[in-house]
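What you see is a predicted model, and the numbers here were worked out from it, not measured in a lab.
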Amino acid sequence: MTRLIFLGAPGAGKGTQAQKVAELCHIPHISTGEILRNEVAQGTDLGIQAKSYQEKGELVPDQLILDMVLHRLSEADAQSGWILDGFPRNVAQAKFLDELLEKLQQHCDRVINLEVPDQIIVDRLLKRGRKDDTEEVIRRRLEVYRSQTAPLIDYYNERHLLVSIQGNQSMEEVTASLKKAVDLDCSTP
Ligand code: AMP
């Protein structure tokens with residue numbers, strides 16, 4: 001069974017790699033950013049509340065995120081493994097996840113930290129052209145990453161779960177490094 005968390009600055013390639021590994025292992029790719037973007041597109045209550053935070057590059061308040069993750073991880077398809085992408089995003093979320101996994105009698109195998117130099121990140125994000133990829137919002141997302149999300153590197157390192165991978169390589173090379181570093185439990189090729 002494969003259960004992984006993907007950490008890394010915006011633009012580090014988390015989403016792409018998380019999606020790839022999820023496909024390889026036939027397990028759900030759970031991206032809180034994507035779930036929120038869908039809620040915004042559908043104009044749900046959650047989407048209406050999340051929109052202004054996403055647009056500014058701020059984190060959406062924990063109370064909105066935690067319930068969403070609780071439900072998603074309780075769904076049937078998440079019982080045979082998962083890849084979390086973009087969650088947890090701060091220490092409070094990580095502690096919530098620890099407690100939730102204990103309740104669900106699951107554990108996370110590894111936390112993958114994709115390391116990419118700042119300048120490359122900004123270039124990549126500007127090219128990606130998502131709605132929240134303007135230069136100002138990118139700068140704010142990077143600040144938020146450094147102050148709130150990067151402390152999770154120590155958090156998971158202390159728990160002996162962290163694996164760092166150089167993200168500044170081609171997509172295929174990153175996937176290959178990942179496969180080498182993590183013993184992926186997906187039997188089918
Ligand atoms: P992402 O697609 O992971 O880059 O996330 C895009 C945006 O969604 C972020 O800038 C936040 O506004 C919001 N978001 C995604 N995941 C979380 C989370 N775990 N906690 C708070 N906000 C989040």
Side-chain angles (χ1 to χ4, degrees), residues 1-10 12-42 44-54 57-114 141 144-165 178 181-186:
M1 180 132 7
T2 302
R3 299 189 189 106
L4 302 175
I5 294 172
F6 275 70
L7 273 185
K14 298 189 262 69
T16 312
Q17 295 299 326
Q19 174 87 50
K20 181 95 202 157
V21 175
E23 268 167 31
L24 283 171
C25 297
H26 310 285
I27 51 178
H29 165 218
I30 303 177
S31 156
T32 45
E34 204 172 300
I35 298 175
L36 289 170
R37 279 188 291 282
N38 282 335
E39 299 279 340
V40 172
Q42 288 169 30
T44 62
D45 280 352
L46 173 58
I48 291 165
Q49 294 181 73
K51 188 168 188 249
S52 63
Y53 295 96
Q54 268 198 332
E58 304 291 343
L59 292 188
V60 173
D62 288 350
Q63 93 224 35
L64 298 179
I65 301 286
L66 300 183
D67 215 33
M68 195 174 97
V69 171
L70 168 73
H71 283 108
R72 186 63 190 91
L73 284 183
S74 308
E75 279 179 47
D77 67 339
Q79 305 318 305
S80 48
W82 38 254
I83 308 285
L84 279 178
D85 163 15
F87 180 90
R89 214 56 166 236
N90 59 30
V91 171
Q93 293 184 5
K95 289 188 172 157
F96 170 88
L97 181 63
D98 285 346
E99 283 171 24
L100 174 61
L101 293 181
E102 211 175 302
K103 267 187 225 144
L104 296 172
Q105 295 185 308
Q106 297 184 5
H107 66 270
C108 165
D109 302 313
R110 288 273 180 274
V111 177
I112 315 292
N113 178 34
L114 285 181
R141 291 220 310 273
V144 168
Y145 170 76
R146 277 195 209 99
S147 62
Q148 302 196 48
T149 310
L152 294 180
I153 296 172
D154 281 347
Y155 183 93
Y156 286 119
N157 201 15
E158 283 162 12
R159 284 156 181 77
H160 309 289
L161 288 173
L162 196 78
V163 177
S164 286
I165 307 268
L178 241 161
V182 181
D183 189 17
L184 292 179
D185 184 16
C186 14

TODO: Name all residues meeting the side chain to side chain contact (heavy atoms under 4.5 Å, CB included) criterion together with His71; count only those two or more places apart in sequence or in a different chain, and write none if there are none.
DONE: Asp67

Task: Salt bridge flag under 4.0 Å for residues Arg72 and Asp77 - done: yes

TODO: Determine whether more than 12 heavy atoms belonging to other residues, nucleotides or ligands lie under 6.0 Å from atom CZ of Phe96.
DONE: yes

Open item on the list: Can you tell me how far apart CD1 (Ile112) and CG (Leu4) are? Round to the nearest 0.5 Å.
Closed with: 5.0 Å

Task: Residue pair Gln79 / Gln106, side-chain donor-acceptor N/O under 3.5 Å - done: yes

Open item on the list: So if I apply the side-chain contact (heavy atoms from CB on, under 4.5 Å) rule between Ser31 and each of Ile83, Asn38, Asp85, which one comes out positive?
Closed with: Asp85

Task: From CD (Gln19) to OG1 (Thr16), nearest 0.5 Å - done: 8.5 Å

Task: Heavy-atom pair of closest approach, residues His160 and Arg110 - done: O-NH1, 4.2 Å

- [ ] State, without any angle test, whether Tyr155 and Asn90 hold a side-chain donor-acceptor pair at a distance under 3.5 Å.
- [x] no

Open item on the list: For Gln148, give me all partners under side-chain hydrogen bond (donor to acceptor under 3.5 Å, both in side chains), at least two apart in sequence or on another chain.
Closed with: none

Task: Heavy-atom pair with the smallest gap, counting every atom of Arg141 and Gly57 - done: CG-CA, 3.4 Å

Task: Close side-chain approach of Leu73 and Leu101, heavy atoms under 4.5 Å - done: yes

TODO: Please name the pair of heavy atoms, one in Leu152 and one in Pro88, separated by the smallest distance, quoted to 0.1 Å.
DONE: CD1-O, 3.4 Å

TODO: Could you list the residues that satisfy salt bridge (Lys or Arg N to Asp or Glu O under 4.0 Å) with Arg89, not counting sequence neighbours?
DONE: none

TODO: With side chain to side chain contact (heavy atoms under 4.5 Å, CB included) as the test, would you mind laying out the steps for Trp82 and Ile30 before giving the verdict?
DONE: CA-CA 7 Å; Trp82 38 254; Ile30 303 177; 4.1 Å; yes

- [ ] Determine the minimum heavy-atom distance between Ala22 and Pro28, stating which atoms define it.
- [x] CB-C, 4.2 Å

Open item on the list: If you compare all heavy atoms of Ser80 against all heavy atoms of Ile27, which two are closest, and at what distance to 0.1 Å?
Closed with: O-CG2, 3.4 Å

TODO: Output the distance between atom CG (Leu162) and atom CG (Asp154), rounded to the nearest 0.5 Å.
DONE: 9.0 Å

TODO: Quick one: pull up CG in Leu114 and CG in Leu7 and give me the separation to the nearest 0.5 Å.
DONE: 9.0 Å

Task: Side chain proximity check, Phe6 to Val21, heavy atoms < 4.5 angstrom - done: yes

- [ ] Kindly indicate, with the supporting measurements, whether the criterion side chain to side chain contact (heavy atoms under 4.5 Å, CB included) is fulfilled by Arg159 and Asp98.
- [x] CA-CA 11 Å; Arg159 284 156 181 77; Asp98 285 346; 4.0 Å; yes

TODO: State the CD-OG1 distance between Gln93 and Thr32, to the nearest 0.5 angstrom.
DONE: 7.0 Å

TODO: Please tell me if the side chains of Phe87 and Ile65 come closer than 4.5 Å, counting only heavy atoms from C-beta onward.
DONE: yes

Task: Shortest non-hydrogen contact from Cys108 toward Leu161 - done: O-CD2, 3.7 Å

TODO: Starting at CG of Leu84, measure out to CG of Leu97 and round the result to the nearest 0.5 Å.
DONE: 6.0 Å

- [ ] Would you sort out whether Asn113 and Tyr156 count as a side chain to side chain contact (heavy atoms under 4.5 Å, CB included), showing the intermediate values?
- [x] CA-CA 10 Å; Asn113 178 34; Tyr156 286 119; over 6 Å; no

